Structure formats: structure tokens, C-alpha cells
Protein chains: 2
Amino acid sequence: MQKEKDTSTERSILEAAKRVFQNKGMDGARMQEIADEARINKAMLHYYFRSKELLFEAVFKKAFALLAPQLNAILNDDSSIEEKIKNFTTNYISFIIKHPYLPNFIIQELNRNPNFIEKLATNNGFPNIQKFKGQVRDEIEKGIIIPIGAEQLFINIMALNIFPFVAKPLIKAFANLDEGAMDALIEARKNEVSNFIINAIKIK
Amino acid sequence: MQKEKDTSTERSILEAAKRVFQNKGMDGARMQEIADEARINKAMLHYYFRSKELLFEAVFKKAFALLAPQLNAILNDDSSIEEKIKNFTTNYISFIIKHPYLPNFIIQELNRNPNFIEKLATNNGFPNIQKFKGQVRDEIEKGIIIPIGAEQLFINIMALNIFPFVAKPLIKAFANLDEGAMDALIEARKNEVSNFIINAIKIK
DNA sequence: TTATGGTTTAACCGTTTGGTTGACAAATTT
DNA sequence: AAATTTGTCAACCAAACGGTTAAACCATAA
């Protein structure tokens, strides 16, 4: 029929699979539901992707490929740490507001199967902390920021940016927030978070 | 046989169910596996808990009941915010090191079924932010800490404490850490995190 | 000793699951 | 236009699933 490698059928399967896997996870997802969502026969899923496992892998890799460049922005960019934190925080939160399912999906499935990350870690473009490490040491030496391990700072930045999306139902309940108030809180974090981090590490 | 409400069988089912549910989640867990783990017949699971759903609820509520008092420590305690942050951080991280599965389990299952939290929110002892809110406003007025929304501060504290456990596989990969190095990093956070937060909010 | 009532088991059941098959339709090649 | 390849479907399958049943088991009370 078509010669394009990306058949329209293949694309609609991937989109449907993305929606279902992200809502229900690997274990909770059903092949029949994905087929219905894509409005095709269940046999087609196997024709294009052979098995549930492989279809899931395709979806997962695509999701991860979306996230990775965002993280490389803070790890491999050349600007100062303060600038990086400001840019990353605004950009990352805007990005996740558009893909709210993403962090949860990746974290959940990586915990289910930690070896999974090895299938990704070999790819080039996989985020790596080396350059960031050097930069942190540099700015500490120059007296720009207080002494802190690059790994700890990196964890803190990730945590403050990602956690609210992951723990949304929990936070909503503890703080008595409805959906709208929670979204407003997250929106405000675009500025709040970078100020918080910079306050914590910058020498005035 | 026994008249105790907590039969040894019931206890061993709950323990087995905890292990299996925490590793595989509600959808990934199998009743047969729980039975094998508890070394009893599968029918016993239904005899004591009627259905998978109810068994899961029992495990989930128990897990949540373990976590809730930890959070109330920071929300409803009377000491100053600085003291609370210091105590909470050390205590909470020590606590989670002993129950590393907990945050992930609760977050994962709450995202799968957000209505679930309503079954818990009615209980007394359910964490609530009201008192903490007043305290934050107070210390801001007195010039002890910088202006910050209580909700934002609460999210930040939760994020910095909990996130590393939730995102462990991801962080390990990005920072090229083996299990031991990662554990050392987390251990160090008992002090790191409270310093970081206090640096960020305290007026010197 | 024998009823009694909670506890435990092996075997079973209907349904759902991921996956397969074989026939057929629509392109592509010859 | 015939032959071949690629795409699509309804029907099917064996295995796994959560849950049930009926009979056995066993400590205690009568």
C-alpha cells in the first residue's frame, strides 16, 4: 500500500498506545483497549509491533526521547548555573504542563523494571552529569555559589521541578486544593522554584 | 481455632500482600503469587479479604497509616519552622530508608486511582496544612523567613525529601551511580536537605 | 463421644488475556 | 492483467486470571 516507513496505521497505534499506557501503565493496559482507541483490529497491533512488550517499549522510548533533551539543557548547556536554573525551571514546567503524564509514566515504569534504563543509557543524547559536575566545582571555587555536591544540586533541581506533577493527588489532598488552585500553584512555580534554588546556593 | 481478631494467617497474608503489591502494583500483582508468598491456599485470601480489591485496600491503608504521622510531624508540631525542617528531614529520610517501597507505592497507586484518597481523607489523623499555614505567615511577619506561600514551602520540603526515593533508577543512571554510591548520597541528604531549605528561606 | 463452627484445602468455573490463523482485500510488481 | 506482496479482519485458541464450592480438618464445648 504505502511505502512510507511511518504508516498512518502505525502512527495511530502508537498514539493510542501512548494514551492507554500512560493512563493505566504496562500492567493495567489491555491490547483490546488500545485497538479500540486506534479504531483498528487487535491483530494489527501484533502485525506492527509483534507483542505487548515491544509496543510498550516503543511508546516508552518515544516518551523518554521527549524528556531527555530537556534534561540535557541543564546538564550540557554553557551558561552560568544561575541562568541555567532560571531557564530550566521555566522551560521544564511549561513543558510538563503540556505533557503532564510524562514524569509519572517514566518513573512508574522504571521502578517496575529498573533494568529498562540500560536499553536507553547506551543511546547518545542520554543525559549525563559530567559537564555539570565540573561547572559546579568551578563556580564554588570562584565563590559564586556555596559548596554543594553537583549530584545533590542536580537531585534538588529535579525534585523541585518534577515532584509536584508526580505527587499531585497527594498534595491536592493535604493542601485542600481543587484542580484549578493546584494548577495555579504549579504555574507560580515557574518563578518560585528558581528563586528558591538560587537563594539556597548563591553567595550574596 | 483461634479467637484473636488478628489470626496469624491474616497477618501473614497481609505481609505477603504488602510485599507483592509493593513490588508489582495492584495491576501487576497476582492472587496466586500472594498465596504462594504467604504459603497458604489461594482460597484463604478470599476467605479473609473477600476480593483482590479489598485486600489491596487493606494493604494500602496500612501503608498510608505508616506515612501519615511522619507528615503530621511537620504540619502540626509546635516548634519553629527551622527546627521542624531539621527534624523532619532527618527523621523522614531515616524512616524511608527503612521502608524504601513506601513513597513510590502510595504515589503510584494514587495516580492510578485518585478518588482513592477520599477514602483516607475522612479519617482523623489525615495530614492537613492549616496550622502550618498560620505558622509560615507568622514567621514571615516577624522577619524570620522570607515571604513564601506555605503551600509552596510544603511542596518544596516534600519534594526534596521524597523525590530521590521515587526517582532512584533515573538518578542512578544520570549520575552514573551504583547502588552503594546512591545510598551514600541519600544518607548525606539527612543534613544536606535541611541546610538547603533553610538557606533558601531564612533571613540572615 | 459427639456435635459445633471456624479454618483450610483441592478441584473447579466462567471470563479475560495476549496472541494466532486463515481468508480476503488492496496495492505493487511483472 | 496476472502474480505477488502487503495490509486488514473476524474468528479462534490456550493459558492465566479472580473467584467459588464442597468436602475435610481440628480445637473446643456439650
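A, B, ... follow the sequence lines: proteins, then strands. Residue 1 opens every chain. Note that the structure is predicted; figures quoted are calculated from it, not measured.
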Rounding to a whole Å, what distance do you find between [X]:[atom1] and [N]:[atom2]?
X        : N       : atom1 : atom2 : result
Ile13(B) : dT7(C)  : CD1   : C1'   : 11 Å
His46(B) : dC12(C) : NE2   : C1'   : 14 Å
Met44(A) : dA25(C) : CE    : P     : 16 Å
Lys52(A) : dA16(D) : NZ    : P     : 15 Å
Leu45(B) : dT9(C)  : CG    : C1'   : 13 Å
Ile40(A) : dG7(D)  : CD1   : P     : 13 Å
Glu10(B) : dT8(C)  : CD    : C1'   : 15 Å

Strictly by side chain to side chain donor-acceptor pair (under 3.5 Å), give each pair with a member in [range] just once, sequence neighbours left out.
range                      : value
residues 55-71 of chain A  : Glu57(A)-Lys119(A)
residues 27-44 of chain B  : Arg19(B)-Glu37(B), Lys24(B)-Glu33(B), Gln32(B)-Asp36(B)
residues 96-118 of chain A : His99(A)-Tyr101(A), Asn104(A)-Asn111(B), Glu109(A)-Arg112(A), Asn111(A)-Asn104(B)

On the nucleotide [N], are OP1 or OP2 found under 4.0 Å from the side-chain N or O atoms that [X] carries?
X        : N       : value
Thr9(A)  : dG7(D)  : no
Ser51(B) : dG18(D) : no
Tyr47(A) : dC9(D)  : no

Report the residues that fulfil side-chain contact (heavy atoms from CB on, under 4.5 Å) with [X], sequence neighbours left out, ordered by chain and then residue number.
X         : result
Ala200(A) : Phe196(B), Asn199(B), Ala200(B)
Asn72(A)  : Asn76(A), Pro127(A)
Ser51(B)  : Glu53(B), Leu54(B)

Any side-chain heavy-atom pair of Glu82(A) and Glu139(A) under 4.5 Å:
no
Please list every donor-acceptor pair under 3.5 Å in which a side-chain atom of residues 153-178 of chain B meets a protein atom from a residue at least two apart or in another chain.
{"unit_1": "Asn156(B)", "atom_1": "OD1", "unit_2": "Arg189(A)", "atom_2": "NH1", "d": "2.9"}
{"unit_1": "Asn156(B)", "atom_1": "OD1", "unit_2": "Arg189(A)", "atom_2": "NH2", "d": "2.7"}
{"unit_1": "Asn156(B)", "atom_1": "ND2", "unit_2": "Gln152(B)", "atom_2": "O", "d": "3.4"}
{"unit_1": "Asn161(B)", "atom_1": "ND2", "unit_2": "Ile157(B)", "atom_2": "O", "d": "2.9"}
{"unit_1": "Lys168(B)", "atom_1": "NZ", "unit_2": "Glu179(B)", "atom_2": "OE2", "d": "3.0"}
{"unit_1": "Lys168(B)", "atom_1": "NZ", "unit_2": "Asp183(B)", "atom_2": "OD1", "d": "3.4"}
{"unit_1": "Lys172(B)", "atom_1": "NZ", "unit_2": "Glu179(B)", "atom_2": "OE1", "d": "2.6"}
{"unit_1": "Asp178(B)", "atom_1": "OD1", "unit_2": "Gly180(B)", "atom_2": "N", "d": "3.1"}
{"unit_1": "Asp178(B)", "atom_1": "OD1", "unit_2": "Ala181(B)", "atom_2": "N", "d": "2.8"}

Contact class for Tyr48(A) vs. all strands (heavy atom < 4.0 Å): base, sugar-phosphate, or nothing?
sugar-phosphate
Identify the pairs formed between an N or O of the protein and an N or O of nucleotides 10-13 of chain D at a distance under 3.5 Å, and give each distance.
{"unit_1": "dA10(D)", "atom_1": "OP2", "unit_2": "Asn41(A)", "atom_2": "ND2", "d": "3.3"}
{"unit_1": "dA10(D)", "atom_1": "N7", "unit_2": "Asn41(A)", "atom_2": "ND2", "d": "3.0"}

Interface with DNA chain C, restricted to residues 23-36 of chain B and to heavy atoms under 4.0 Å
none
So which atom in Ile106(A) and which in Phe60(A) form the shortest heavy-atom distance, rounded to 0.1 Å?
CA-CE1, 3.9 Å
